[in-house]
4 protein chains.
Amino acid sequence: MEKPAKRNAARTKAQILKAALGEFSEFGYQGARIDAIAKRANINKQMLYHYFGNKDDLFQSVLEQSYEKIRRHEAELKLADLDPIEAIQELVKFGFSYHSKNPEFMRLLNSENLQRAVHIKKSDKIRHMHKPLVEIIASVLKRGEADGVFRSNIDPVQFYITLVGVTYFYLSNIHTLSAIFDQDMMTKSAIKERQDHCEEAVLRLVRCQ
Amino acid sequence: MEKPAKRNAARTKAQILKAALGEFSEFGYQGARIDAIAKRANINKQMLYHYFGNKDDLFQSVLEQSYEKIRRHEAELKLADLDPIEAIQELVKFGFSYHSKNPEFMRLLNSENLQRAVHIKKSDKIRHMHKPLVEIIASVLKRGEADGVFRSNIDPVQFYITLVGVTYFYLSNIHTLSAIFDQDMMTKSAIKERQDHCEEAVLRLVRCQ
Amino acid sequence: MEKPAKRNAARTKAQILKAALGEFSEFGYQGARIDAIAKRANINKQMLYHYFGNKDDLFQSVLEQSYEKIRRHEAELKLADLDPIEAIQELVKFGFSYHSKNPEFMRLLNSENLQRAVHIKKSDKIRHMHKPLVEIIASVLKRGEADGVFRSNIDPVQFYITLVGVTYFYLSNIHTLSAIFDQDMMTKSAIKERQDHCEEAVLRLVRCQ
Amino acid sequence: MEKPAKRNAARTKAQILKAALGEFSEFGYQGARIDAIAKRANINKQMLYHYFGNKDDLFQSVLEQSYEKIRRHEAELKLADLDPIEAIQELVKFGFSYHSKNPEFMRLLNSENLQRAVHIKKSDKIRHMHKPLVEIIASVLKRGEADGVFRSNIDPVQFYITLVGVTYFYLSNIHTLSAIFDQDMMTKSAIKERQDHCEEAVLRLVRCQ
DNA sequence: GATGAATGAGTTTTCATTCAT
DNA sequence: TATGAATGAAAACTCATTCAT
């Protein structure tokens, strides 16, 4: 016998978050519709307000959840167990595969930048999520330096932004890039080619000589 | 003597485009308000529809104008007159200064990517604007290779995307980056630091060894 | 005790339909105003969109309801119980009294013809409403023929169109006819005179000799 | 050598009237657009206001011209030269052929009835156009009575309305009738069948016994 | 006589949010 | 916890008409 679908706060909330992620990432904050989210979540609109306050707070929750997810996946890379070069390669690979498989996150950030990061700024959760990441990067760079394979004095934040910039920019702007360069950049081979290029660029950035 | 403010189609159109650029870049396509554009342009709303059809077409016109502008500025760099290394440095510098001074363009692209490049895809103008750019880049890379300072077989499109990625990504995502890394990335010194980092990264990408 | 005026979907829908019938018939589809309908219905405009979709669909609903009503009234005439001559007289009488008392229906049809029947064509409901009517007419004609009072081979659809034509045309075009013939055709006596004339015309059409 | 297209009041007016007839009859008074009329007429919108005042007055002008045209054609039938039966047949035939070839007039009247004949009521021209018509009909009926082929005391206005009703109603409501009876009533054979039926109906109405 | 730029009020439709049950 | 009816403000877009040249 099926459990009754009623009165299950946790599931309702999860449904709403999932639906909201879909809607927000598809249309951006401004283009997303509360009605559409409710329909996607198969719940009553009022539930959404009950659990999440309003559209802004809901967006913030979605963003928090999404940041948590990517940071968790990054943490699972176990970069500390890899030698520095491999760790960098792993990071590039991860950037491509994660954003390819989860393009919603890029689109969420896209929208959030358009909104000048209002939601992130309000979220203590998100703002305290990134120190570990910087520390992990810093430690990889340190180890590489110690091993004599990486240059010294590479700023981990700058490096991270470059790493993400080369990979993420391609994927997040893939629509405009495909259009202006008149080539489909979403094909598997195009993405593979790009990934190789990025690996090259990032390694050359850190390596000695 | 004041020129009469009335009955001047060219000026009206220019006012509308300018106002639309401001509004669209500030709030994105979805967040922009036709009423607000009309008010900014100090014209009657109907004029906007008269000259530009509708919100979509207006956005497209703004985008076309903006692409024209940046490509025109790029063309004025006279990269052919510089030696290859200098040309690359000039490109990095240009990327920073142009987008710093004209952040509207990045925000327009941001919005356009959220819309999956619908407007660019409709615009023949834009789609035929980029061949010259690729050719210029290719020629710089060729010259560097001939001079023995650049590696061979660097794809100009890949290179360009990387070049833009490292510079543009920082500036276009500056709000979220500032928030998550809890540092103000919009200060002059932060931008200078980033620019140096980018120059380093891009040169290392193309240089031999 | 008063029933509470709030939160009653059925009543709200009925109010909207009634108000829409009034507005559409008074001004035609194009002349009708959604705002005016909402005001007449004493409801919020959005309710109208919530329940009926848009102006077109609302018009269609009004039309369906109106067709249902007249066909229901026709069915209640119990023509099968009358002898053929009386049945015909009853039909003429009905045509006059119904359209006199419910001029909205004529005006709706007037508007719908101006729109080339777009709404009817979209409505399966309406298109399946008329077979019974034709069958009833056909059976009256058959009985009259069997009784030897009516001519043979009268097409029921042609006959029905003529029947309606002579009665309905007078009432539906009463404004232009009154104006061009410079007589008030809306007086009781004028309508009575017209009705007698129609009865004469229709009976002469079907009778033997 | 071509005459210059400029500064020709008569032609401009004629173009406007023709365009207005097209637009008004296609969409009705309310649905017609001044802009569209100007475009159809290939003239400047202001010309329309210059020559015809406003939308209402323009509609009235179109209506007057259209009534003039049909009355002129009717007058040319030379019914006085025909024997009464033939004259009646001629009238039926005329009704069909005229409205088939000039459906704009019906649509104009359709719209005008929706507007409760406001324009006709304002037009002295139209209101004085119909006496001759009634007189011609009356004279045909008189002659038929004198010849012993028509009944006596047939009211010419009633008769005329019936005559028009049976023919015009079919054509003016052809869209709704086709839809509800699910047959294409616009085919040549359908119109021929209807015309025969109408002739039968009208003759039976006037003939003795 | 002719042009087309300009206007203000209005039209349909949408949206985030709240209320009653 | 859940439902869906109800709201008011605002969104994009349109229209008849007038003004400046």
Side-chain angles (χ1 to χ4, degrees), chain A residues 4-13 30-38 43-56 58, chain B residues 4-13 30-38 42-58, chain C residues 4-13 30-38 42-56 58, chain D residues 4-13 30-38 42-56 58:
Chain A
K6 292 186 178 181
R7 314 236 162 203
N8 187 328
R11 184 180 39 224
T12 301
K13 279 169 101 167
Q30 292 272 9
R33 298 295 164 242
I34 293 287
D35 273 284
I37 295 173
I43 52 101
N44 186 283
K45 229 190 317 185
Q46 179 57 17
M47 286 294 90
L48 192 154
Y49 285 94
H50 183 247
Y51 287 117
F52 293 96
N54 60 24
K55 193 183 180 183
D56 265 290
L58 178 56
Chain B
K6 293 184 176 181
R7 298 187 64 76
N8 185 328
R11 185 184 36 227
T12 300
K13 276 167 124 169
Q30 292 272 9
R33 296 294 166 245
I34 292 286
D35 270 289
I37 294 173
N42 216 26
I43 51 100
N44 186 288
K45 217 189 332 181
Q46 172 55 11
M47 285 292 90
L48 192 155
Y49 286 97
H50 185 251
Y51 287 119
F52 293 96
N54 58 26
K55 194 182 180 183
D56 265 290
D57 292 348
L58 177 58
Chain C
K6 292 185 177 181
R7 297 188 62 76
N8 185 327
R11 185 183 37 228
T12 300
K13 276 167 125 168
Q30 293 271 11
R33 297 294 165 245
I34 293 286
D35 271 290
I37 294 173
N42 217 28
I43 51 102
N44 185 289
K45 224 192 319 185
Q46 172 56 10
M47 285 292 90
L48 192 155
Y49 286 95
H50 184 251
Y51 288 119
F52 294 97
N54 59 26
K55 194 181 180 184
D56 263 291
L58 177 58
Chain D
K6 293 184 177 182
R7 313 229 164 207
N8 187 328
R11 186 182 36 224
T12 301
K13 279 169 99 167
Q30 293 271 10
R33 298 296 165 239
I34 293 286
D35 273 284
I37 294 173
N42 218 26
I43 51 101
N44 186 283
K45 230 191 315 187
Q46 179 58 17
M47 285 294 88
L48 193 155
Y49 284 95
H50 183 248
Y51 287 118
F52 293 95
N54 60 24
K55 193 183 180 183
D56 265 291
L58 177 58

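Reckoned from all heavy atoms, side chains included, excluding hydrogens, waters and symmetry mates. Convention: sequence-line order gives letters A, B, ...; per-chain numbering from 1.
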Least distance between heavy atoms, Leu58(D) atom then Phe52(D) atom = CD1-CG, 3.6 Å
Between CZ of Arg11(B) and P of dA5(E) the distance, given in whole Å, is 13 Å
Taking atom CG of Asn8(A) and atom NZ of Lys13(A), what is their separation to the nearest 0.5 Å?
-> 11.5 Å
In short, Tyr51(A) meets Thr12(A) closest at the heavy-atom pair CE1-CG2, 3.7 Å
Could you check how far CE of Met47(C) sits from P of dT18(E), rounded to whole Å?
-> 16 Å
Who is the Watson-Crick or G-U wobble partner of dT21(E), with both distances under 3.5 Å?
-> dA2(F)
Nearest heavy atoms of Met47(D) and Ile43(D), plus distance in Å | CB-CD1, 4.0 Å
Report yes if at least one side-chain N or O of His50(B) is closer than 4.0 Å to OP1 or OP2 of dG4(E); otherwise report no.
-> no
Is the distance from OP1 or OP2 of dT1(F) to the nearest side-chain N or O of Thr12(A) less than 4.0 Å?
-> no
So which nucleotide does dA12(F) pair with, by the Watson-Crick or G-U wobble rule with both distances under 3.5 Å?
-> dT11(E)
Closest heavy-atom pair, Arg33(A) versus Gln30(B), reported as atoms and distance to 0.1 Å, is NH2-OE1, 4.0 Å
Name the nucleic acid region contacted by Phe52(B), choosing base, sugar-phosphate or nothing; use a 4.0 angstrom heavy-atom cut-off, strictly under.
-> nothing
Return the value, rounded to whole Å, for the distance between atom CG of Leu48(D) and atom C1' of dA2(E).
-> 13 Å
Please report, rounded to the nearest Å, how far the C1' atom of dG4(E) is from the CG atom of Asn42(D).
-> 14 Å
Can you measure from CD1 (Ile37(D)) to NZ (Lys55(D)) and round to the nearest 0.5 angstrom?
-> 7.0 Å
The contact string for nucleotides 10-15 of chain E, one letter per nucleotide 5' to 3', using protein heavy atoms under 4.0 Å with B, S and - for base, sugar-phosphate only and none, comes out as BSBBBB
